[in-house]
2 protein chains.
Amino acid sequence: MRRETYNEFRHLCRAHNLAVTHQRQRIFEAVASRPGHYSPEEIYEQVKQDLPSISLATVYKNLKTFIEAGMLREVSLHHGAWRIDANLHPHHHLVCTRCRSILDLDQDLLAPVKLRGKLPSGFKLEKFSIEIQGVCKACVASESRTHN
Amino acid sequence: MRRETYNEFRHLCRAHNLAVTHQRQRIFEAVASRPGHYSPEEIYEQVKQDLPSISLATVYKNLKTFIEAGMLREVSLHHGAWRIDANLHPHHHLVCTRCRSILDLDQDLLAPVKLRGKLPSGFKLEKFSIEIQGVCKACVASESRTHN
DNA sequence: TATCAGATGATAAAGATTATTAAACGATTC
DNA sequence: GAATCGTTTAATAATCTTTATCATCTGATA
């Protein structure tokens, strides 16, 4: 890990009350120092080259910890629940970032997406899918209840 | 199942060379006749009320069959692969509908989303997430190779 | 109604994620 | 630098989701 990255990591941990451990350093580095989006298994394999005794569970736990802290993010909110859509008409989805519930929303509610530049060559565009992320009514209510 | 829905279902099956079975009728009905987005488990529980001997594997298999045929869709392309995003700068994702690979794309490539109406009351908007769906270069190549 | 390809149900297997717990470690204090 | 305390880790089991296998059954067609 580069010196600056290392210090940055230490500060991030301090800011979120996380102990700075070798394992966490390597896990964070394995994700943040490379482009692309990796799975826990891939990250585990990468880190294991430096720390052969690390456990896959440690990778999972710390990825979750980092995500909670906002140091990393999930690519998509929909991992973990395969859900079926019977609505074949064009529509958008309203997704709760807390409970991950999904509501349909008519397509007309949003203006069409406009492309400003060129997509990578060779990519055959099929459609734009817009997801409206936020906190649903129920979660807003339960959170305000908790905090008062 | 309403008569028209039943006939519609038969025609859909014919069009895709699928045998019309009791199980398929009930599975399709369980998804298509209700609003909302269900998991295979939920659909299984629903269908079991009518067909107590149905197997969960049958539900899975037929949901996949229906999706392949285009009779149903997946809410999201990201189920089954938890992926980590270390890019905290605003960006979009380019997603291949075949191999499900993901590429980052700078935010500036798309004009900001414009809301035309009102969101459901109580929903606290956090952000719009745009996904650009299509076929990546590699998959375009492999498909044209297959079809020639 | 007899035939047969395809569909189903039961079950095992595989894969992904989470929970548990004793031992080890990092941070703080002295 | 050693002692202490709370957190983190590794190992493993448990859980949950999805897929594979295969013998049996059923829908479609003749």
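Each chain gets a letter, A, B and so on, in the order its sequence line appears, and its residues count up from 1.
Per the geometry, NE2 belonging to B:His11 stands 13 Å off P belonging to D:dA28, to the nearest Å. Across the protein-nucleic acid pair, A:Leu63 atom CG and D:dT9 atom P stand 11 Å apart, rounded to whole Å. Atom CD1 of B:Ile27 is separated from atom P of C:dT8 by 7 Å (rounded to the nearest Å). Atom NE2 in A:His16 sits about 16 Å away from atom P in C:dA27, given to the nearest Å. Atoms CD1 (B:Ile43) and P (D:dT18) sit 11 Å apart, rounded to a whole Å. Atom C1' of nucleotide D:dA28 and atom CZ of B:Arg10 are separated by 10 Å, given to the nearest angstrom. The CZ-P distance, from A:Arg26 to D:dT9, rounds to 13 Å in whole Å.
In terms of phosphate contacts, B:Thr21 brings a side-chain nitrogen or oxygen within less than 4.0 Å of OP1 or OP2 of C:dT8. Checking the phosphate oxygens (OP1, OP2) of C:dG26, a side-chain nitrogen or oxygen of A:His22 falls inside 4.0 Å.
The closest side-chain heavy-atom distance from A:Lys114 to B:Leu110 is not below 4.5 Å.
Screening B:Ile54, B:Val59, B:Asp50 for a side chain to side chain contact (heavy atoms under 4.5 Å, CB included) involving B:Gln23 leaves a single residue, B:Ile54.
B:His78 places no side-chain N or O within 3.5 Å of a backbone atom of B:Ser76 that could act as its donor or acceptor partner. Formation of a donor-acceptor pair under 3.5 Å by the B:Arg73 side chain with backbone atoms of A:Ala86 is not found in this model.
For B:Lys61 and B:Glu68, the salt-bridge test fails: no basic side-chain N is under 4.0 Å from an acidic carboxylate O.
Take the nearest nucleotide of DNA chain D for A:Asn62 and for B:Leu18: the residue whose nucleotide is more 5' is A:Asn62.
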- [ ] Give the B/S/- string for nucleotides 9-24 of chain C, one per nucleotide from 5' to 3', where a protein heavy atom under 4.0 Å of the base yields B, of only the sugar-phosphate yields S, and otherwise -.
- [x] BB-----SSBB-----

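Checking B:Gln46 against B:Arg34 by side-chain atom types alone, a donor-acceptor pair falls below 3.5 Å.
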